[in-house]
Visitor: 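Once you've had a glance at the structure underneath, I'll fire off some questions.
Positions are given from 1 along the sequence. All ligand and atom numbering here is 1-based and tracks the order in the structure. Just so it is clear, the model here is predicted, and its values are computed rather than measured.
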Amino acid sequence: MQKHWWHTATIYQIYPKSFMDADGDGVGDLQGIISKLDYLEKLGITAIWLSPVYQSPMDDNGYDISDYQAIADIFGDMTDMEELLSQANQRGIKIIMDLVVNHTSDEHAWFIEARENADSPERDYYIWRDEPNDLVSTFSGSAWEYDDKVGQYYLHLFGKKQPDLNWENEALRQKIYDMMNFWIDKGIGGFRMDVIDLLGKIPDQKIRENGPKLHDYLKEMNRASFGKHDLLTVGETWGATPEIAKQYSNPDNQELSMVFQFEHIGLQHKPDRPKWDYADGLDVPALKCIFNKWQTQLELGQGWNSLFWNNHDLPRVLSIWGDTGAYREKSAKALAILLHLMRGTPYIYQGEEIGMTNYPFEHLEQVEDIESLNYAAEALENGENIANIMDSIRVIGRDNARTPMQWSAENQAGFSSAAKTWLPVNPNYESINVAAALEDKNSIFYTYQALVKLRKEAQWLVDADFELIDTEEKVFAYKRYTDEETYLVVVNLSDQEQALKLTCPIKETIVANTDLDEVVTKQTLKPWDAFCVRTN
Ligand code: TEU
């Protein structure tokens, strides 16, 4: 198998509005990110996945792009972007851009021209129909919006201000590849591809994900842009199975490096229910089955996994699956150890490395996220009571991941000098912040730092096979083994003691959040105990 830099990389996701505000307007910006590169270098990450910074009316915080080759004013300008690239590269950090090409903003010049001029080439860049069908938007309501000027409906699988692009149009596809090359020429490290599995949609047949031409488009995109360079490409694919993930990520297919699969994230809500109908607690046996499937079915050389608990669309993992009370630090380390020692490329979402938690949202007025707001409006219309709606938003709404990064115990958590930030700072910032984490040698931060370093240095993390070990229900244990070595990873995913039979002698401790001697003597795991050892 050809080795790439991203096989041993850990990626750090930045949500620009919430990372660091340098100009004091209450919103994060590029200069803010630049000012924190030393911190990221200390953490040791190889690349930053930068959520969108392009020009945008920010209806969906930048996932609604009005110019792919310009920077949003609130974040800075192209000079700042170039400075970020060069300052990051000097520290050995690559920048992965977010590629949002399923849709544009309705304020993109293409859409404006498409609406105004029936004869323009741009008209066919979007998807128009005389009559809507019953496709619904991910952000509630019909996926079709009537346009007065055109006298037809356009498709929007997300917000009304996010019209879907028509990938059947060859000229449009070429424009996208040209835009990708513009960024590649600037020296970026790759692309994270927003809802990439929707590109092959056939709205008339109500096919959204995994349409028949999807992989042709990706092969074409690969040939026309990143294929000639050693870049990381990761597709966001909510509907991927291991079989589908192999189609994307098998090197022979020349499509993408890897995809984000969301099967484990599906455990956050009740089966076959909308995400708002969240599940109580973590179904550990189900989680084990899912990771076992992905780890064993994406064989080395035939596919590659990405590993994540968090992103900007998800609740904070500690709040939904970990512990935010007495075991906050321990459960954060346990979840990190579980994830980072599997095969794949791990992703850390800003604040995860210091154990940030959900925000205690109480009123709808505190909510910014379009998905949550549209859901609330629809649910209220259907007679749902506001307390239940707020309960769902508090547990699973996207704004939980988007409150400002907590840098210190100072005003606004050191994120901004503004009196009011775009989303409020979590009131727990006085104890949960970067400054405190850096001072404490036992903090979550240093466990992440150790895992990132291990990922760079330990070849077995790439090569070794995975085998799930049968244990107590709430214990997640697996082996990674090569011909020469065997590593054992054991994680207690509960706040109860668990029995453990350690049969092999420990040759070397790789990482642990607990006193291993005690575990061995008592053959018992304390709440949230986690470790990795080499057993031969
Ligand atoms: O997310 C895709 C997507 O489907 C999400 O809306 C997701 O399903 C939802 O948040 C989970 O409930 C991507 C981006 O990551 C997201 O931020 C964008 O809003 C969306 O695409 C549209 O670009």
Visitor: Could you walk me through whether K219 and D216 satisfy the salt bridge (Lys or Arg N to Asp or Glu O under 4.0 Å) test, starting with their C-alpha distance in whole Å, then the side-chain angles of each, then the deciding distance to 0.1 Å, before giving a yes or no?
Guide: CA-CA 5 Å; K219 287 188 172 73; D216 293 339; 5.6 Å; no
Visitor: Which of the numbered atoms in ligand 1 are below 4.0 angstrom from a heavy atom of V195?
Guide: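 Result: 2 (C), 21 (O).
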Visitor: Among all protein heavy atoms, pick out the one at the shortest distance from atom 1 (O) of ligand 1; state its residue, atom name and that distance to 0.1 Å.
Guide: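 Sorting protein heavy atoms by distance from atom 1 (O) of ligand 1 puts E236 OE2, 3.1 Å first.
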Visitor: Mark up the atoms of ligand 1 that fall under 4.0 Å of a heavy atom belonging to K275, in ascending order.
Guide: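 Selected atoms, number and element: 11 (C), 12 (O).
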Visitor: Show the atoms of ligand 1 that are less than 4.0 angstrom away from any heavy atom in E371.
Guide: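 It comes down to these atoms of ligand 1: 9 (C), 10 (O), 11 (C), 12 (O).
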Visitor: To the nearest 0.5 Å, what is the distance between CZ (F139) and CD (E371)?
Guide: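 So the CZ of F139 and the CD of E371 are separated by 5.5 Å.
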Visitor: Just need the protein heavy atom nearest to atom 4 (O) of ligand 1, so name the residue and atom and give the distance.
Guide: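 Its nearest protein heavy-atom neighbour is F158 CE2, 3.5 Å.
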Visitor: Does a donor on one side chain and an acceptor on the other come within less than 3.5 Å for T104 and Y126?
Guide: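 Y126 and T104 do have a side-chain donor-acceptor pair below 3.5 Å.
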Visitor: Does the gap between the ring centers of W309 and F291 come in under 6.0 Å?
Guide: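 Yes, the ring centres sit under 6.0 Å apart.
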Visitor: Considering only heavy atoms, which of R192, R398, R402, H269 lies nearest to atom 6 (O) of ligand 1?
Guide: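 Heavy atom nearest to atom 6 (O) of ligand 1 belongs to R398.
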Visitor: Which atoms of ligand 1 have any heavy atom of W238 under 4.0 Å away?
Guide: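 Listed by number with element: 2 (C), 3 (C), 4 (O), 7 (C), 8 (O), 11 (C).
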Visitor: Quick test: of every protein heavy atom, which one is nearest to atom 18 (C) of ligand 1, and how far off is it to 0.1 Å?
Guide: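 Going by distance alone, atom 18 (C) of ligand 1 is nearest to D60 OD2, 3.3 Å.
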Visitor: For the ring pair F19 and W407, is the centre-to-centre distance below 6.0 Å?
Guide: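 Aromatic pair counts; centres sit under 6.0 Å.
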Visitor: Give the atoms of ligand 1, by number and element, whose distance to some non-hydrogen atom of H103 is under 4.0 Å.
Guide: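 This gives 22 (C), 23 (O) as the contact atoms.
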Visitor: Give the residue and atom name of whichever protein heavy atom lies nearest to atom 15 (O) of ligand 1, and the separation in Å to one decimal.
Guide: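 Looking at atom 15 (O) of ligand 1, the protein heavy atom closest to it is D313 OD2, 2.5 Å.
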Visitor: Could you state the interatomic distance from CD (Q247) to CG (L214), rounded to the nearest 0.5 Å?
Guide: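 Between atom CD of Q247 and atom CG of L214 there are 8.0 Å.
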Visitor: For atom 23 (O) of ligand 1, what's the nearest protein heavy-atom neighbour? Residue, atom name and distance, please.
Guide: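 It is D194 OD2, 2.7 Å.
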Visitor: More than 12 foreign heavy atoms under 6.0 Å from CG of D272: is that the case here?
Guide: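 For D272, atom CG is not crowded (no more than 12 foreign heavy atoms under 6.0 Å).
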Visitor: Which atoms from ligand 1 have a heavy atom of F139 less than 4.0 Å away?
Guide: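 Heavy-atom distances to F139 below 4.0 Å select 6 (O), 19 (O).
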Visitor: Tell me if the aromatic rings of F260 and Y347 count as close, with their centers under 6.0 Å from one another.
Guide: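 Between Y347 and F260, which both carry aromatic rings, the centre distance is below 6.0 Å.
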